[in-house]
Amino acid sequence: MSTMLLVQNLSKRFGPITAVDDVSFTIDRGEVLGFLGPNGAGKSTAMKIITGFLPPSNGSAEVCGFDVITHPIEVKKRIGYLPEGAPVYGDMTPARLLEFVAEIRGVAEPSEKIAHAVARTNLEEVLHQPIETLSKGFKRRVGLAQAILHDPPVLILDEPTDGLDPNQKHEVRTLIKDMAGDKAIIISTHILEEVDAVCTRAVIIARGRIVVDATPAELRQRSAYHNAVVIRVASTQAPQLSAALNDVSGVARVDTEDFANGAADLMVVPEDGREITSGVRDRLRESGIDVEQMRVEQGRLDDVFRQITTAG
Amino acid sequence: MRATLTIFKRELSAYFASPLAYVFIVIFLALTGAFTFFIGGFFDRGSADLQSFFAFHPWLYVFLVPAVAMRLWAEERKTGTIELLMTLPVTTFQAVMGKFLAAWCFTGIALALTVPVWFTVNYLGEPDNGVIVASYFGSWLMSGAFLAIGACVSALTTNQVIAFVVSAAACFLFLTSSLDMVLSVFRPWAPGFLVDLIASFSFITHFGIVTKGVISLSTAVFFVSLMGVCLFANALLIDLRRSS
């Protein structure tokens with residue numbers, strides 16, 4: 001059985017507020033699911049339900065075949081969870097905290113497992129300092145270390161790279177990719193480049209509902225700039241070229257952006273993400289204008305995200 | 001069982017990782033000493049017993065024990081670590097028990113550090129050591145009952161100061177429930193059996209019996225069942241607060 005996580009019609013209401021509204025999805029072994037959505041969209045609430053911290057108002061979540069309501073302990077054994085904000089006991093040192101978690105989880109060969117988790121998260125240098133004295137980045141890595149400690153089949157990480165510097169972000173993403181093979185992983189994030197970097201699938205949640213469930217590539221195709229061609233020329237030639245490109249078949253419009261150094265970028269936007277490169281290339285050759293640079297846009301996830309989460 | 005023990009160890013070491021443990025122990029020892037020798041008139045009584053020592057325990061516990069209990073759940077909720085704890089494979093009951101037993105063990109340690117008083121009275125005379133052992137045991141049971149009340153209150157709030165004040169007030173009511181001050185509120189309207197029931201909750205009455213050297217079954221049952229009820233309520237509150 002390769003379905004590791006099965007979420008069906010999950011809803012959560014807090015009084016009159018519906019935080020999670022009829023959410024269903026499955027995750028198979030080897031998948032890394034990116035949970036996207038604006039703040040307050042219900043990402044964290046959904047994660048809290050799946051990990052057994054909050055009971056759902058409706059629906060069910062199954063982890064490795066165990067229902068989170070009827071078998072919470074079996075579910076919790078199989079999940080590694082980094083809660084939002086990575087809360088950890090400030091009075092403990094990372095070493096003591098990891099021993100505590102290993103003991104409570106009944107991990108076999110605890111010292112090896114702890115050493116492994118410490119090495120994966122680069123915690124060696126702060127192992128014996130009280131957690132409350134550590135930087136935000138280290139605290140987050142302590143939270144990550146306790147989540148991966150028991151080598152769980154399902155990993156749920158709520159904003160794993162929040163508060164990390166670019167190097168640390170890169171390390172955490174590498175860590176997630178390395179572990180992805182035999183696990184099912186959910187990460188929530190605001191950083192869309194992260195979706196590209198680690199996720200095999202992206203789910204966008206807005207107002208508690210899933211609005212998109214697609215691969216990052218599919219998501220990008222929804223961008224108005226998917227397959228757009230960007231051409232850099234001298235700004236004096238820009239108006240002329242812009243007019244020439246406007247009537248290539250499939251081109252919706254041409255946007256011009258002038259730069260201070262005398263160059264300009266022409267963004268040739270296609271209709272419905274159509275392939276226009278060959279038409280544009282032919283037209284360029286005909287015009288005889290000297291092109292400094294040319295590239296094809298894949299489409300920006302940021303645009304898609306904004307478009308989806310602000311619509312209706 | 002393993003989970004309870006693991007949480008117990010973590011919680012107990014958490015007390016000693018902060019100044020709370022040392023402040024509590026020093027103040028507890030200083031106050032028991034001051035009450036015993038100055039207010040209780042240990043030497044003036046001319047009798048080799050620890051009546052003057054134990055008589056003040058309930059009053060010290062009223063405000064010292066809530067200080068031990070206040071952090072148990074309020075702090076976890078405030079810092080969010082409750083989410084870490086409750087998504088580990090532990091049941092709510094195991095977590096409640098582990099935390100309570102750690103706090104109870106801690107007050108036991110503070111109590112154990114008063115044994116020099118016991119040695120002193122043995123040096124000065126020939127006290128009835130059976131009575132003293134019974135009183136120690138009774139005092140510890142009583143601290144457990146106060147703690148259970150405090151733990152339960154701590155589960156209601158994220159604010160430790162509120163947890164402290166409310167549980168101190170609750171402990172005070174339990175302590176003094178046989179006094180007219182409390183009973184006069186109920187007498188005008190409550191049926192007689194209810195007034196008697198409230199009066200029978202009085203820690204002073206129960207502890208008074210114990211310090212006379214009698215650990216009556218009813219007193220032990222009273223303290224233990226009060227702990228049971230409070231801890232059960234504590235577990236319910238934890239689950240309830242999560243689901244709402």
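Note that these values count all heavy atoms, side chains included, but never hydrogens, waters or copies made by symmetry. In what follows, every chain begins at residue 1, and chains take the letters A, B, ... in the order their sequences are listed.
Taking a 6.0 Å sphere around CZ of B/Phe16, one finds it holds more than 12 heavy atoms contributed by other residues, nucleotides or ligands. Enclosure of atom CZ in B/Phe56 by more than 12 non-hydrogen atoms of other residues, nucleotides or ligands within 6.0 angstrom is indicated.
Counting heavy-atom pairs closer than 4.5 Å to chain A, the top residue among B/Glu83, B/Lys9, B/Met86, B/Gln94 is B/Glu83. By number of non-hydrogen pairs under 4.5 angstrom with chain B, the leading residue of A/Tyr81, A/Tyr89, A/Phe100 is A/Tyr89. When the candidates A/Glu84, A/Arg105, A/Lys77 are compared by the number of heavy-atom contacts under 4.5 Å with chain B, A/Arg105 comes out ahead.
Residue contact with chain B, scored on non-hydrogen atoms closer than 4.5 Å, involves the side chain of A/Gln146 exclusively. Using a 4.5 Å cut-off between heavy atoms, A/Arg78 makes no contact with chain B at all. Neither the backbone nor the side chain of B/Glu75 comes within less than 4.5 Å of any heavy atom in chain A.
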| task | Report the C-alpha distance between A/Asp91 and B/Arg10 in whole Å, list the side-chain angles of each, state the deciding distance to 0.1 Å, and finish with yes or no for side chain to side chain contact (heavy atoms under 4.5 Å, CB included). | result | CA-CA 10 Å; A/Asp91 56 83; B/Arg10 194 212 90 74; 3.3 Å; yes
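Interatomic distance, B/Ile7 CD1 to A/Ile104 CD1, rounded to the nearest 0.5 Å: 4.0 Å. Note: A/Glu103 CD to B/Leu88 CG = 12.0 Å, rounded to the nearest 0.5 Å. Atom CD1 of residue A/Ile50 and atom OG1 of residue B/Thr87 lie 13.0 Å apart, to the nearest 0.5 angstrom.
Contact of the A/Arg96 side chain with the B/Ser13 side chain is registered, since non-hydrogen atoms from C-beta on lie closer than 4.5 Å.
Considering B/Ile82, B/Thr79, B/Thr81, B/Leu85 as possible partners of A/Pro87, the one that fulfils the side chain to side chain contact (heavy atoms under 4.5 Å, CB included) test is B/Thr81.
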